[in-house]
Number of protein chains: 2
Amino acid sequence: MRNVTIVHVAEKARVSVKTVSRVVNNEPTVTPDLRARVEAAIEQLGYSPNIAARRMGGGRSFLIVAFNDRTLTLENWRSDRGNNWIDRMQYGAMLRCDVHGYHLLCELIDLESDQLARRVQHVLSTLRPDGVILTPPNCEDPTVLAALKKAQIPFVRLGSAQAGPGARVRMDDQAAARQLTEHLLTLGHRRVGFVTGSPRFLASRAREDGYRGALAKAGLAVDESLLVPGDFTFEGGVAAAEALLARADRPTAILAGNDETALAVLHVARRLSVAIPDALSLATFDDTPSVRLSLPPLTTVRQPVAEMAAEAVDILVACAAAKDGKPPRGDRLLPFELALRASTAPPPAG
Amino acid sequence: MRNVTIVHVAEKARVSVKTVSRVVNNEPTVTPDLRARVEAAIEQLGYSPNIAARRMGGGRSFLIVAFNDRTLTLENWRSDRGNNWIDRMQYGAMLRCDVHGYHLLCELIDLESDQLARRVQHVLSTLRPDGVILTPPNCEDPTVLAALKKAQIPFVRLGSAQAGPGARVRMDDQAAARQLTEHLLTLGHRRVGFVTGSPRFLASRAREDGYRGALAKAGLAVDESLLVPGDFTFEGGVAAAEALLARADRPTAILAGNDETALAVLHVARRLSVAIPDALSLATFDDTPSVRLSLPPLTTVRQPVAEMAAEAVDILVACAAAKDGKPPRGDRLLPFELALRASTAPPPAG
DNA sequence: GCCGATTTGTCCTCAAGTGGACAAATTGAA
DNA sequence: TTCAATTTGTCCACTTGAGGACAAATCGGC
């Protein structure tokens with residue numbers, strides 16, 4: 001059977017091809033009568049306009065590309081710990097694309113590759129998507145941003161703590177860290193350790209600022225020796241935890257830069273027989289499955305990743321529909337949630 | 001800046017458009033000399049052929065669509081337990097697509113919807129993919145299969161226990177269940193309970209067959225009362241576990257139909273103070289992160305989902321490249337692995 | 001019944017590539 | 001040199017839909 005084209009629909013509805021096109025593209029100058037006839041024909045024939053053909057005349061492609069970091073994705077996949085940031089992003093974006101009649105393509109890029117610019121350019125030029133979603137750490141990479149700008153394709157940066165080109169959708173990492181720190185202070189903790197994250201992710205810096213802000217607001221001086229560098233990996237977290245827990249004046253609570261780090265702290269604490277939460281409170285960011293399943297489940301900040309991705313899709317689709325060529329701008333903050341769990345409690349007496 | 005087209009490349013390399021096309025499509029009748037010149041021009045201009053345009057003349061679309069079950073995907077996403085079957089499928093397929101210069105689109109379909117056929121048809125007709133990957137339980141749905149057949153698009157069914165149209169890539173669920181059961185028998189267990197899965201998934205039936213086969217091979221009669229129906233959900237698993245553990249002649253080991261069910265068994269056992277593995281051994285299928293992070297980590301069968309997806313992509317790409325219109329056939333079995341963990345041990349003495 | 005406004009149709013161009021027919025140029029061998 | 005084979009170029013058709021210009025048909029009001 002041949003493919004059903006706009007011509008078949010026109011014949012069946014006994015109208016011109018042009019009229020079918022007008023109906024499909026929701027042009028206002030069609031009488032309800034004719035519109036109904038055309039829609040009936042479309043339904044009966046099971047017609048759907050071919051995306052490739054629509055794209056040809058310079059129209060929309062109905063495609064959105066999400067660029068994910070290759071290394072991160074692979075680690076994520078191989079990891080036993082199920083860090084599902086990217087998965088959640090994808091679910092949110094996919095569902096929203098569906099609503100708009102769009103399609104989501106996930107592409108991997110490798111920031112370390114010397115072919116990076118070429119790779120980004122290739123994907124953009126072969127697919128010609130209507131918009132691009134960038135996830136950390138791609139959303140802060142100058143090469144990627146330059147390639148996007150050159151191709152003049154609208155893009156949204158997801159979860160980036162850095163101002164810059166394109167639109168931005170994120171949660172307020174600084175406020176989240178502040179609230180999490182305040183939660184610990186309210187419980188009575190006064191010596192709160194902080195394992196910082198990878199400098200590659202600017203969100204890590206924002207979290208540190210929030211931590212400092214909460215201490216300052218409570219009138220407490222920041223003990224710089226309680227800030228230990230991690231790098232968002234398990235190994236980095238282990239080293240940092242060992243440094244913090246070996247101290248004579250051990251902190252009574254630790255804020256971990258991300259979940260991977262938190263699991264490392266949990267691991268070290270168990271090895272050193274430091275009971276959580278009795279002897280040490282532990283809080284972290286991201287709320288991946290691993291920290292919900294850990295023993296005890298950890299207090300975290302739930303980042304609204306899927307909602308952020310959905311918002312990004314909305315922005316890009318609106319931008320494509322407007323076709324005024326204006327790149328999307330703005331910085332949308334989505335609300336986060338504290339998930340208070342069994343890993344945080346008042347500090348031990350004395 | 002205008003988009004770089006094949007015409008620009010031709011001008012730069014001082015050859016005809018036709019020759020560039022021949023180079024891009026790897027036709028043999030081009031001298032190495034000219035080929036090099038064209039490739040240099042492509043590189044310098046950063047040219048990538050536009051997928052939409054290639055598709056027009058009836059050529060390949062370089063797109064592969066994976067149809068996932070909407071309900072399952074959403075449950076998966078909302079679940080705290082991170083059942084990442086679909087994610088693993090996607091990683092495997094995406095990586096392989098990348099190698100072939102293909103792109104993966106994940107689309108959700110809802111088997112319960114009365115618009116199902118229309119939905120499948122719409123996606124196929126608007127995207128015109130070169131191939132389709134079906135995941136459970138879509139891969140056994142007659143409406144979906146009929147729509148695929150009508151559209152004449154090659155497809156691979158992933159993880160389906162049922163013979164049928166299209167190619168099939170899967171692991172041997174029956175053998176896996178047999179080996180898992182044998183593992184328990186070798187440890188000394190004689191009363192092994194089995195919580196069956198949802199009849200929607202035929203793999204569940206295959207697992208049951210494997211369980212029966214192992215008992216038969218060991219010369220043991222099957223106690224039908226030890227087979228309790230679950231439905232692959234946590235709630236179903238709870239009910240089944242309660243039934244099994246309430247018995248006077250409680251089984252010393254339980255084989256759960258999938259990980260979700262196993263977690264339910266774990267939950268009930270803890271509530272009833274049945275120690276695992278001391279009083280009860282527990283084994284399951286799928287090896288999702290949740291059963292690696294559980295206490296104790298569970299003995300499972302690791303299903304090579306990503307590898308299966310990669311194999312599916314290879315099949316579809318080969319099929320598209322052959323362009324002889326022959327739909328892919330065959331049934332590839334990929335090796336699974338037993339992950340023996342702390343949840344299985346010899347039965348309690350006495 | 002006429003005028004003007006709105007709706008619908010006709011016709012053409014354009015997008016970016018593929019593929020076929022066939023001619024022209026180049027190469028190699030006899 | 002000449003013929004044949006191979007490589008390269010020319011030219012055209014084709015894919016499916018969008019969109020613009022403009023003509024034709026229809027409708028409503030008076």
Side-chain angles (χ1 to χ4, degrees), chain A residues 2-11 13-39 41-42 45-63 101 122 124-130 320-321 323, chain B residues 2-39 41-42 45-63 101 122 124-128 130 320-321 323:
Chain A
R2 298 276 317 192
N3 292 318
V4 179
T5 72
I6 198 170
V7 177
H8 302 125
V9 175
E11 281 167 2
R14 298 186 316 284
V15 296
S16 68
V17 167
K18 183 79 194 179
T19 302
V20 178
S21 174
R22 286 198 255 250
V23 169
V24 169
N25 293 289
N26 266 312
E27 289 183 30
T29 65
V30 184
T31 52
D33 182 28
L34 257 200
R35 180 178 296 273
R37 223 164 78 208
V38 171
E39 277 166 355
I42 287 177
L45 294 174
Y47 167 73
S48 303
N50 182 334
I51 271 184
R54 294 180 104 171
R55 173 69 219 175
M56 291 299 289
R60 295 201 253 169
S61 67
F62 296 92
L63 299 178
H122 166 73
L124 297 180
S125 131
T126 201
L127 293 171
R128 302 277 165 85
D130 288 345
K323 58 184 164 190
Chain B
R2 297 276 316 192
N3 291 319
V4 179
T5 73
I6 198 171
V7 177
H8 302 124
V9 176
E11 281 167 3
K12 176 126 197 160
R14 297 187 316 284
V15 295
S16 69
V17 166
K18 184 77 197 180
T19 302
V20 177
S21 176
R22 288 199 255 251
V23 170
V24 168
N25 292 290
N26 268 314
E27 289 183 30
T29 65
V30 185
T31 52
D33 181 29
L34 257 199
R35 180 178 295 273
R37 225 163 76 206
V38 171
E39 277 167 355
I42 288 177
L45 293 173
Y47 167 73
S48 303
N50 182 335
I51 272 184
R54 294 181 104 171
R55 173 69 219 176
M56 291 299 289
R60 296 201 253 170
S61 68
F62 296 91
L63 298 177
H122 166 74
L124 297 180
S125 129
T126 200
L127 293 172
R128 303 278 162 85
D130 288 345
K323 56 186 164 188

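A, B, ... follow the sequence lines: proteins, then strands. Residue 1 opens every chain.
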[N], OP1 or OP2 - any side-chain N/O from [X] closer than 4.0 Å?
{"X": "A:T31", "N": "C:dT8", "answer": "yes"}
{"X": "A:N50", "N": "D:dT15", "answer": "no"}
{"X": "B:T5", "N": "C:dA16", "answer": "no"}
{"X": "B:S21", "N": "C:dG17", "answer": "no"}
{"X": "A:Y47", "N": "D:dT16", "answer": "no"}

Donor-acceptor pair (no angle test) under 3.5 Å: A:K18 side chain, D:dG17 base: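 Side chain to base: no pair present.
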
So does A:R22 reach the base of C:dG9 with its side chain, donor to acceptor, closer than 3.5 Å?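 Looking at the base of C:dG9, it does pair with a donor or acceptor on the side chain of A:R22 (distance under 3.5 Å).
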
Separation of [N] [atom2] from [X] [atom1] (nearest whole Å):
{"X": "A:I6", "N": "D:dG19", "atom1": "CD1", "atom2": "P", "answer": "11 Å"}
{"X": "B:N26", "N": "C:dG17", "atom1": "CG", "atom2": "P", "answer": "16 Å"}
{"X": "B:R128", "N": "D:dT16", "atom1": "CZ", "atom2": "P", "answer": "7 Å"}
{"X": "B:R55", "N": "D:dC14", "atom1": "CZ", "atom2": "P", "answer": "18 Å"}
{"X": "B:R14", "N": "D:dG9", "atom1": "CZ", "atom2": "P", "answer": "11 Å"}
{"X": "B:L34", "N": "C:dT27", "atom1": "CG", "atom2": "P", "answer": "11 Å"}
{"X": "B:R35", "N": "D:dT7", "atom1": "CZ", "atom2": "C1'", "answer": "12 Å"}
{"X": "A:F62", "N": "D:dA18", "atom1": "CZ", "atom2": "C1'", "answer": "11 Å"}

Sugar-phosphate only, base, or nothing, as touched by A:V30 at under 4.0 Å among non-hydrogen atoms: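 Sugar-phosphate: the residue A:V30, judged by heavy atoms under 4.0 Å, touches backbone atoms but no base.
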
If you look at every strand shown and take non-hydrogen atoms under 4.0 Å, does B:V15 touch a base, only sugar-phosphate, or nothing?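 Result for B:V15 = sugar-phosphate.
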
Taking A:V9 as the fixed residue, which of A:I42, A:V23, A:T19 is the one that meets the side chain to side chain contact (heavy atoms under 4.5 Å, CB included) rule?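 Among A:I42, A:V23, A:T19, the one that satisfies the side chain to side chain contact (heavy atoms under 4.5 Å, CB included) with A:V9 is A:I42.
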
With the side chain of [X] defined as its heavy atoms from C-beta on, choose the nearest nucleotide among [options].
{"X": "A:R54", "options": "C:dT7, C:dT18, D:dA18", "value": "D:dA18"}
{"X": "B:S16", "options": "C:dG9, D:dT7, D:dG9", "value": "D:dG9"}
{"X": "A:A53", "options": "D:dG9, D:dG17, D:dT8", "value": "D:dG17"}

Could you state the interatomic distance from [atom1] ([X]) to [atom2] ([Y]), rounded to the nearest 0.5 Å?
{"X": "A:H8", "Y": "A:L45", "atom1": "NE2", "atom2": "CG", "answer": "8.5 Å"}
{"X": "B:L63", "Y": "B:R128", "atom1": "CG", "atom2": "CZ", "answer": "12.0 Å"}
{"X": "A:R37", "Y": "A:T31", "atom1": "CZ", "atom2": "OG1", "answer": "8.5 Å"}
{"X": "B:M56", "Y": "B:S61", "atom1": "CE", "atom2": "OG", "answer": "13.0 Å"}

